[in-house]
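This report concerns only the one structure given below.
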Amino acid sequence: LLTLFTTFYAISFFLFSETGKQKYLHLFFAGIVMAILTKSVQGLLFLPAIAIYVLISGVLHKLLRNRWLYIDLTVVVAIVAAYYFLRESANPGYLKAVVTNELGGRYLSTTENHRHEFTWYLNLLMTSQFAFWFLFVPAGWFTGFFLNVGILKRLTVFSGILLMVYLLIISFAGTKLEWYVAPMYPFLALLAALVISGIFSLLSESDLSVKSAWRPFLPFIFLMGVFVLPYQQIISKVYKPRETENDIEFYMISHFLQDAAKGKHNLQNHVISYEGYNSHLKYYTDRLNQQGMHVIHKDTSALETGDEVICSQYFTREFIRKKFIFTETGSYYNVKTFRIDGIRSKED
């Protein structure tokens with residue numbers, strides 16, 4: 001949702017700079033409101049890049065003379081201020097939490113052990129998140145920059161500034177999370193599309209020395225060659241999903257509970273011992289309880305003799321092994337089920 005609104009307001013501003021039409025300025029500010037209400041300050045991270053584009057594109061004078069700039073800006077501030085005021089009234093301490101987490105806390109320091117090197121986001125894009133398409137991006141930038149079509153050239157410059165400034169902002173942050181690069185994807189895709197479109201047009205229009213019967217099919221053969229590998233990967237991911245090694249610790253218990261809801265495991269009167277964030281388990285436990293399984297959550301420290309325990313976290317399994325006499329009743333990847341038979345004595 002954040003990516004939708006940041007893309008929406010960025011493109012709206014570009015269209016305003018190209019056409020001068022007032023509706024695009026209104027849409028720009030509407031997008032900013034929705035981005036802020038979606039993810040607070042994170043929704044504003046394209047604005048420094050847009051400010052740079054305003055300065056180099058000659059739009060500044062036209063923008064400052066537009067009375068709707070000040071009216072729309074006032075409306076945005078009023079809506080956002082009203083939201084935060086109402087939220088603080090309903091939930092005292094909310095503004096303090098926003099200041100601590102959004103206005104410097106997460107950016108200037110590392111929270112929840114999400115510390116990574118400066119080039120971490122760039123490496124993610126190159127190796128996994130945008131890996132197949134990444135080489136198309138610089139090629140697309142050069143293609144768009146040297147095109148004779150003015151609007152495509154300006155769109156290329158606009159997209160390049162957005163991407164570089166946004167990447168620098170998030171790369172300097174003390175807290176780094178994989179999803180922070182998501183707002184970059186549409187503009188990375190746009191630059192990649194420029195070079196693919198250029199090659200397609202070249203093949204469509206050029207007089208290559210090939211048999212005339214094959215010539216009309218060359219552009220489409222090229223497209224199939226470009227997209228066949230990504231489509232294979234998507235089909236495999238959708239129809240034959242496999243968790244990565246990094247995700248197994250977190251997600252395999254969800255697969256286990258999903259199978260139980262389908263009747264593959266009997267979890268009657270079992271206890272789930274899972275420390276920390278566990279919202280990804282709630283749907284399955286609700287389904288199991290609707291089926292009459294009576295599955296409950298219990299803190300690890302509250303476990304007792306007689307409990308039939310489901311656990312997947314390493315430290316939880318080790319706690320059970322050290323404190324209790326138990327029988328292992330099942331195993332599924334890192335998910336274990338134990339029956340607690342007693343408490344170990346000091347001699348044990």
Does the side chain of [Y] come within less than 4.5 Å of [X]'s, by heavy atoms?
X      : Y      : result
Ile71  : Trp68  : yes
Leu257 : Arg287 : no
Val226 : Ile199 : no
Leu122 : Ser171 : no

Can you tell me how far [atom2] of [Y] sits from [atom1] of [X], rounded to the nearest 0.5 angstrom?
X      : Y      : atom1 : atom2 : result
Leu44  : Ile32  : CG    : CD1   : 7.0 Å
Thr305 : Ile343 : OG1   : CD1   : 4.5 Å
Phe250 : Tyr274 : CZ    : OH    : 4.5 Å
Ile50  : Tyr9   : CD1   : OH    : 5.5 Å
Ile170 : Trp179 : CD1   : CH2   : 10.0 Å
Leu223 : Ile196 : CG    : CD1   : 7.5 Å

How far apart are the C-alpha atoms of Phe187 and Phe46, what are their side-chain angles, what is the distance that settles it, and do they pass the ring pair (Phe, Tyr, Trp, His ring centres under 6.0 Å) test?
CA-CA 12 Å; Phe187 295 97; Phe46 274 165; 5.7 Å; yes
Does any N or O in the side chain of [X] come within less than 3.5 Å of the main-chain N or O of [Y], such that one atom is a donor and the other an acceptor?
X      : Y      : answer
Gln291 : Ala261 : yes
Lys176 : Ala173 : yes
Arg344 : Arg321 : yes
Asn91  : Arg87  : no
Ser197 : Leu194 : no
Asp259 : Lys264 : no
Glu88  : Gly93  : yes
Asp299 : Ser301 : no
Thr6   : Thr3   : yes
Arg317 : Ser312 : yes

Assess whether a salt bridge exists between Glu304 and Lys298, defined as any Lys/Arg side-chain N lying under 4.0 Å from an Asp/Glu carboxylate O.
yes
In terms of hydrophobic clustering (I, L, V, M, F, W, Y; side-chain heavy atoms under 4.5 Å; direct or indirect links), are [X] and [Y] co-clustered?
X      : Y      : value
Val80  : Leu86  : no
Met126 : Met164 : no
Val195 : Met224 : no
Ile52  : Leu60  : yes
Leu55  : Leu73  : yes

Ring centre gap for [X] and [Y] strictly below 6.0 Å:
X      : Y      : answer
Tyr332 : His255 : no
His270 : Phe338 : no
Phe256 : His265 : yes
Phe13  : Tyr24  : no

Check step by step if side-chain contact (heavy atoms from CB on, under 4.5 Å) holds for Gln233 and Leu229.
CA-CA 6 Å; Gln233 292 174 342; Leu229 180 59; 4.0 Å; yes
Neighbour count >12 (heavy atoms, 6.0 Å) for atom [atom1], [X]:
X      : atom1 : value
Phe85  : CZ    : no
Tyr251 : OH    : no
Phe118 : CZ    : yes

Going through the checks in order, is the side-chain contact (heavy atoms from CB on, under 4.5 Å) test met by Leu64 and Tyr70?
CA-CA 9 Å; Leu64 292 177; Tyr70 308 101; 3.9 Å; yes
Are Leu303 and Thr300 close enough, and set up right, to give a side-chain contact (heavy atoms from CB on, under 4.5 Å), and what steps lead you there?
CA-CA 6 Å; Leu303 294 176; Thr300 306; 4.2 Å; yes
Would you name the heavy atoms of [X] and [Y] that are closest together and state the gap between them?
X      : Y      : value
Ile169 : Leu45  : CD1-O, 3.7 Å
Ile151 : Phe14  : O-CZ, 3.8 Å
Leu267 : Val295 : O-CG2, 3.5 Å

Please state whether the rings of Phe227 and Trp133 are parallel, tilted or perpendicular, taking 30° and 60° as the class boundaries.
tilted
Identified side chain to side chain contact (heavy atoms under 4.5 Å, CB included) counterpart of Cys311 within the set Val271, Ile253, Ile320:
Ile320
Give me the other members of the hydrophobic cluster that Ile235 sits in, counting Ile, Leu, Val, Met, Phe, Trp and Tyr linked by side-chain heavy atoms under 4.5 Å, directly or via other members.
Ile234, Val238, Tyr239
Any chance the side chains of [X] and [Y] put a donor and an acceptor closer than 3.5 Å?
X      : Y      : value
Thr327 : Asp341 : yes
Ser40  : Tyr84  : yes
Thr329 : Thr337 : yes
Gln129 : Tyr185 : yes

Taking only residues two or more places apart in sequence, or in another chain, which ones meet Leu135 in a side-chain contact (heavy atoms from CB on, under 4.5 Å)?
none
Run the ring pair (Phe, Tyr, Trp, His ring centres under 6.0 Å) check on Phe220 and Phe200 step by step: do they pass?
CA-CA 8 Å; Phe220 301 99; Phe200 182 88; 5.5 Å; yes
Of His26, Arg67, Gln22, the one forming a side chain to side chain donor-acceptor pair (under 3.5 Å) with Asp72 is His26
side-chain contact (heavy atoms from CB on, under 4.5 Å) between Val309 and Thr316, worked out
CA-CA 10 Å; Val309 185; Thr316 303; 5.8 Å; no
Could you tell me if Lys62 sits above the aromatic ring of Phe16, with its cationic atom closer than 6.0 Å to the ring centre and no more than 45 degrees from the axis?
yes
